[in-house]
Amino acid sequence: MSIPPIAERERAVLWPTYARAPRQFIRGEGVRLYDTEGREHLDFLGGIATVAAGHANPHVVAAVTAQLGRLGHTSNLYFTGPQVELAERLAGHLGAPQGAAVFFGNSGAEANEAAIKVARRWGRANRGPDVVGIVATDGAFHGRTLATLAATGKPALHPTFAPLPQGFSHVPYGDLDALEKAIGPGTAAVLLEPIQGEAGIQVPPAGYLAGARELTRRAGVLLLMDEVQGGMGRTGTFFAHQHELSGADGPDVVTMAKALGNGYPIGACLAVREVAEVMRPGDHGSTFGGGPVACAAAMATLDVVEPLLPGHVEAMGRRLAAGLANLGPGGLQVRGRGLWLALELGEGADAKAVALAALDQGLVVNPVTGTALRLAPPLTVTAGEVDEALVRLGRALGSSPDAVRPPGGTT
Ligand code: PLP
């Protein structure tokens with residue numbers, strides 16, 4: 001495994017915040033990536049569930065190029081047509097009967113910051129000056145700004161950057177009794193991922209999201225849904241929570257980023273009308289948020305993704321999941337939904353080593369936990385590409401004999 005020459009230069013001039021895999025990609029087309037050596041790879045990670053419409057998608061490229069050539073930026077001091085058009089489309093996808101309104105930022109963390117701010121503003125305005133608490137879940141990932149880090153349910157990440165903003169508590173994911181006990185008089189909102197992404201694509205028990213909706217309604221607190229990784233069609237529905245919640249029973253606030261712009265930076269916080277309406281001019285803002293080019297990228301991405309839902313994403317997801325399960329001796333555990341999957345390699349397995357072996361076979365996946373690989377290819381992926389990826393992953397598993405250890409770890 002050769003280290004690309006850029007690694008040495010990078011060490012001198014970039015913060016050492018990323019542990020990178022040994023590849024420098026310089027070109028992409030659809031599901032394929034090409035590196036500096038001209039090697040072709042199948043991208044089954046999609047920039048971590050981001051490149052939903054495929055690399056260099058011609059429709060997205062044309063929309064971005066045309067908008068940039070016409071008008072690239074005017075600030076949020078003036079009206080921006082594409083921002084309103086995109087907001088109308090996103091509100092339509094939520095389908096809240098009372099309507100919904102968007103705040104645009106540039107990332108998932110910013111979308112979640114907006115959700116936290118609007119929840120606190122709503123809590124104070126509607127329930128009292130001390131109603132600002134947010135209940136989140138163990139293992140959750142919500143971002144790396146200080147407030148979203150405080151919301152993130154990985155306590156080991158917290159002390160290095162203490163003091164963090166106060167008011168966040170955590171309960172086990174999937175446990176409705178614990179959630180009910182944690183909601184108190186000072187709770188403004190519950191913040192959930194529909195499926196926990198960074199925790200290893202952890203799917204909650206059936207009925208968990210519906211139960212959380214019922215509990216939050218009964219307690220008069222908001223339900224915030226972090227769809228940064230799971231949204232925009234990844235699971236087959238536009239939002240991942242829509243397998244269980246929809247329309248009048250949907251969440252009060254939904255956050256998005258990643259796949260929304262197919263890699264062009266954009267984040268969005270969508271709140272039902274009466275929640276969005278608590279905000280006032282100056283309460284929140286962003287220089288770049290909702291800029292015309294980002295919104296053009298997002299609308300073109302939606303043009304590509306919407307026709308793939310649910311049929312294509314479900315069919316490709318089933319094909320990929322079935323093929324993955326068959327890769328190990330006696331079958332392997334596959335978690336997830338649609339084209340958002342984790343392949344559990346078994347206790348003691350080394351997912352990082354397998355991901356590196358896969359790279360050498362021309363397949364991009366990542367170790368989402370120590371023992372599991374994450375697969376989140378572009379939603380445009382074809383059956384032929386799925387089959388080809390399975391062959392490459394099979395070769396990678398074969399080339400690292402300790403890669404797969406069924407429970408008991410004896411093979
Ligand atoms: N929320 C979830 C569920 C995520 O998976 C991520 C990133 O992985 C974030 C928030 C943060 O997004 P960003 O890196 O764009 O700030």
Side-chain angles (χ1 to χ4, degrees), residues 15 17-20 45-52 103-119 134 136-154 157 161 164-165 168 170 173-174 189-204 208-209 212 223-235 238-242 251 253-270 286 288-291 294 297-298 301 335-342 365-369 372 374-376:
W15 285 17
T17 50
Y18 299 107
R20 303 194 201 272
L45 184 58
I48 314 191
T50 293
V51 189
F103 177 84
F104 284 112
N106 310 283
S107 67
E110 281 180 69
N112 285 332
E113 285 276 345
I116 292 163
K117 284 182 77 170
V118 79
I134 312 265
T137 57
D138 295 337
F141 185 78
H142 297 296
R144 293 184 186 275
T145 60
L146 289 174
T148 59
L149 180 60
T152 287
K154 298 174 193 248
L157 300 178
F161 300 104
L164 296 181
F168 296 90
H170 295 86
Y173 188 63
V190 168
L191 170 61
L192 297 177
E193 290 169 85
I195 288 175
Q196 285 189 331
E198 295 306 300
I201 326 280
Q202 304 293 347
V203 183
Y208 178 61
L209 299 182
L223 179 61
L224 320 179
M225 197 63 67
D226 181 343
E227 292 268 3
V228 166
Q229 191 165 151
M232 286 67 69
R234 177 95 352 235
T235 65
F238 189 80
F239 294 122
H241 71 256
Q242 288 170 328
V253 176
V254 177
T255 57
M256 292 156 259
K258 287 192 178 286
L260 184 56
N262 203 43
Y264 199 98
I266 181 167
C269 181
L270 177 61
S286 162
F288 296 123
T301 303
R335 295 189 292 269
R337 194 151 207 174
L339 283 167
W340 196 25
L341 299 173
V365 291
N366 92 315
V368 68
T369 67
R374 167 169 39 194
L375 295 98

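Order of listing sets the numbers, starting from 1, for every ligand and every atom in it. One is the number of the first residue; the rest follow in order along the sequence. Everything quoted here is computed from the prediction, not taken from an experiment.
Residues satisfying the ring pair (Phe, Tyr, Trp, His ring centres under 6.0 Å) test with Phe168, not counting sequence neighbours, are none.
Using a 4.0 Å cut-off between charged nitrogen and carboxylate oxygen, Glu198 and Arg374 count as a salt-bridge pair.
Closest heavy-atom contact between Ala259 and Ala52: CB-CB, 3.8 Å.
For the pair Gln196 and Ile201, the minimum side-chain heavy-atom distance is 4.5 Å or more.
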Output, or 'none' if empty, a list of ligand 1-protein atom pairs in which both atoms are N or O and the distance is under 3.5 Å, rounded to 0.1 Å.
{"residue": "ligand 1", "atom": "1 (N)", "partner": "Phe141", "partner atom": "O", "Å": "3.3"}
{"residue": "ligand 1", "atom": "1 (N)", "partner": "Asp226", "partner atom": "OD1", "Å": "3.3"}
{"residue": "ligand 1", "atom": "1 (N)", "partner": "Asp226", "partner atom": "OD2", "Å": "2.7"}
{"residue": "ligand 1", "atom": "5 (O)", "partner": "Gln229", "partner atom": "NE2", "Å": "2.7"}
{"residue": "ligand 1", "atom": "8 (O)", "partner": "Lys258", "partner atom": "NZ", "Å": "3.4"}
{"residue": "ligand 1", "atom": "15 (O)", "partner": "Gly108", "partner atom": "N", "Å": "2.8"}
{"residue": "ligand 1", "atom": "16 (O)", "partner": "Gly108", "partner atom": "N", "Å": "3.4"}
{"residue": "ligand 1", "atom": "16 (O)", "partner": "Ala109", "partner atom": "N", "Å": "2.8"}

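Looking at Ser286 and Asn106, their side chains do bring a donor and an acceptor atom within 3.5 Å of each other. There is a side-chain donor-acceptor pair under 3.5 Å between His142 and Asp226.
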